[in-house]
Amino acid sequence: MMVTHFRVPYPFVRAQQQPCAVIIRPTNGDFLNDYKISMDLHIGVTDSRGRVVEYDQHGLRRDQRHSWQQCLVVSQLCSEEWTHNWDQTLDSVASQDCWTSSRYHEETFNCYTFVMSFLRCLRDGTLSEAAASKVTFCEAFVSPRTTTACKYIALYRRLKDSGYYVCRSQPHS
């Protein structure tokens with residue numbers, strides 16, 4: 001029996017390994033096993049240490065690592081000189097008293113509202129400009145990442161359903 005190995009880039013990351021990033025994951029379940037295109041996504045932000053700051057029906061929460069083990073990076077700050085500004089802006093927006101569980105509304109005041117508020121306050125050119133509109137931000141940053149992820153998910157599920165063994169290998173040094 002001939003065994004063929006090939007590698008497809010794994011699009012998902014652990015949030016705590018992605019400092020200064022905007023991240024998304026399915027609201028319920030995970031991408032590989034549960035996600036369907038019609039399902040809601042949850043969006044959050046990591047600080048310079050990779051701690052997640054997110055807003056949901058429970059209010060503002062920090063560092064819920066267990067629920068961010070398989071997520072997509074929508075955008076990540078690459079410049080180290082902006083790290084302090086990123087953390088300072090995140091702390092400033094997160095300290096506003098509007099991010100309570102009683103103010104949360106699934107359609108009008110949610111995780112996306114929190115992240116867009118943060119990005120607009122960040123004043124980071126292209127990223128902040130795109131955050132002026134939820135649709136523009138989604139088209140420019142979220143859709144390209146989810147499209148790539150959906151292709152991977154479809155391939156993964158097809159191979160798995162066909163009886164192939166699919167494993168996540170570590171890159172060789």
Side-chain angles (χ1 to χ4, degrees), residues 9-36 39-128 130-132 134 137-138 140-146 148-150 152-153 156 168 170-171:
Y10 188 73
F12 308 109
V13 298
R14 288 188 178 99
Q16 67 265 23
Q17 296 173 332
Q18 306 299 317
C20 300
V22 177
I23 51 177
I24 57 174
R25 65 171 174 80
T27 300
N28 298 303
D30 65 45
F31 276 112
L32 286 179
N33 299 301
D34 307 304
Y35 184 68
K36 292 178 180 59
M39 294 175 71
D40 288 338
L41 293 170
H42 184 53
I43 190 166
V45 178
T46 60
D47 66 12
S48 63
R49 293 184 177 153
R51 294 176 297 200
V52 177
V53 181
E54 62 184 307
Y55 178 64
D56 62 14
Q57 67 272 17
H58 302 291
L60 190 75
R61 300 191 305 168
R62 294 179 184 261
D63 213 18
Q64 301 291 311
R65 291 178 187 212
H66 64 279
S67 60
W68 290 93
Q69 295 299 306
Q70 188 187 93
C71 62
L72 292 171
V73 173
V74 172
S75 179
Q76 188 167 27
L77 182 70
C78 296
S79 171
E80 285 190 30
E81 61 264 8
W82 268 84
T83 300
H84 177 71
N85 184 50
W86 181 280
D87 282 346
Q88 189 175 19
T89 304
L90 184 55
D91 287 342
S92 176
V93 171
S95 67
Q96 296 170 358
D97 60 3
C98 60
W99 310 114
T100 62
S101 59
S102 61
R103 292 266 334 257
Y104 180 84
H105 186 276
E106 188 174 316
E107 294 178 18
T108 60
F109 200 81
N110 52 34
C111 59
Y112 206 49
T113 309
F114 171 72
V115 172
M116 295 299 101
S117 295
F118 162 70
L119 293 174
R120 285 190 298 268
C121 290
L122 187 62
R123 296 189 177 116
D124 178 49
T126 306
L127 193 58
S128 295
K134 289 181 177 183
F137 183 81
C138 190
F141 292 95
V142 177
S143 292
R145 301 325 178 275
T146 55
T148 300
C150 285
Y152 183 91
I153 292 165
Y156 171 85
R168 183 168 170 225
Q170 298 298 324

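One-based numbering along the sequence shown. Atom set for the values below is all heavy atoms of this structure, side chains included, hydrogens, waters and symmetry mates excluded.
- The side-chain hydrogen bond (donor to acceptor under 3.5 Å, both in side chains) search around Thr113 returns Asn110, not counting sequence neighbours.
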### Message
Does Val13 form a side chain to side chain contact (heavy atoms under 4.5 Å, CB included) with Cys71? I'd like the steps, not just the answer.
### Response
CA-CA 5 Å; Val13 298; Cys71 62; 3.9 Å; yes
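- Among residues at least two apart or in separate chains, salt bridge (charged side-chain N to carboxylate O under 4.0 Å, His left out) pairs with a member in residues 83-105 are Arg62-Asp91.
- Distance CG/Asp124 to CG/Leu119: 8.5 Å, rounded to 0.5 Å.
- Within the 4.5 Å cutoff, no side-chain heavy atoms of Asp56 are placed close to those of Phe114.
- Of the possible polar contacts, one joining the Arg145 side chain to the Val74 backbone as a donor-acceptor pair under 3.5 Å is found.
- Residues Asp40 and Pro26 are not in side-chain contact: their nearest non-hydrogen atoms beyond the backbone lie 4.5 Å or more apart.
- In this view, Ser95 satisfies the side-chain hydrogen bond (donor to acceptor under 3.5 Å, both in side chains) rule with no residue, not counting sequence neighbours.
- To the nearest 0.5 Å, the span separating OG on Ser143 from CZ on Phe137 amounts to 10.5 Å.
- Shown here for His42 and Thr27, the closest heavy-atom pair between the two residues is N-OG1, 3.7 Å.
- Across every non-hydrogen atom of Cys20 and Ser48, the tightest pair is SG-CA, 3.6 Å.
- Between atom CD1 of residue Ile153 and atom OH of residue Tyr35 there is a gap of 7.0 Å, rounded to the nearest 0.5 Å.
- Between the side chain of Ser75 and the main chain of Val22, no donor-acceptor pair closer than 3.5 Å is present.
- Taking Thr126 as the reference, nothing meets the side-chain hydrogen bond (donor to acceptor under 3.5 Å, both in side chains) condition, with sequence neighbours excluded.
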### Query
Should Phe12 and Trp68 be marked as a ring-ring contact (aromatic ring centres under 6.0 Å, His included) after you check the CA-CA gap, both sets of side-chain angles, and the distance that decides it?
CA-CA 10 Å; Phe12 308 109; Trp68 290 93; over 10 Å; no
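- Looking at residues two or more places apart in sequence or on another chain, you find no side-chain hydrogen bond (donor to acceptor under 3.5 Å, both in side chains) involving Asp34.
- A donor-acceptor pair under 3.5 Å is absent between the side-chain atoms of Thr89 and the main chain of Trp86, judged by distance alone.
- Within a 6.0 Å sphere centred on CD of Gln96, other residues, nucleotides and ligands contribute more than 12 heavy atoms.
- Taking the side-chain contact (heavy atoms from CB on, under 4.5 Å) definition, one finds that Asp63 meets it with Arg51, Arg65, sequence neighbours left out.
- Between Pro11 and Leu72, the shortest heavy-atom distance links the atoms O-CD2, 3.4 Å.
- Atoms CG and CD, on Leu122 and Gln88 in that order, are 11.0 Å from each other to the nearest 0.5 Å.
- Under the 4.5 Å side-chain criterion, counting only non-hydrogen atoms from C-beta, Gln16 is in contact with Gln69.
- The nearest pair of heavy atoms linking Pro144 to Cys138 is CD-O, 4.2 Å.
- Scanning all heavy atoms of the two residues, the minimum distance from Phe141 to Ala130 falls at CE1-CB, 3.6 Å.
- Within the 3.5 Å criterion, the main-chain N or O of Pro19 finds a donor-acceptor partner in the side chain of Gln76.
- Between the side chain of Thr46 and the backbone N or O of Val52, no donor-acceptor pair lies under 3.5 Å.
- Listed for the Gln70 side chain is a donor-acceptor partner under 3.5 Å among the backbone atoms of Leu32.
- Here the closest non-hydrogen pair linking Val45 and Ile23 is N-CG1, 4.4 Å.
- Ser117 OG to Trp99 CH2: the interatomic distance, rounded to the nearest 0.5 Å, is 4.0 Å.
- One finds the CZ atom of Arg25 at 11.5 Å from the CD1 atom of Ile43 (value rounded to the nearest 0.5 Å).
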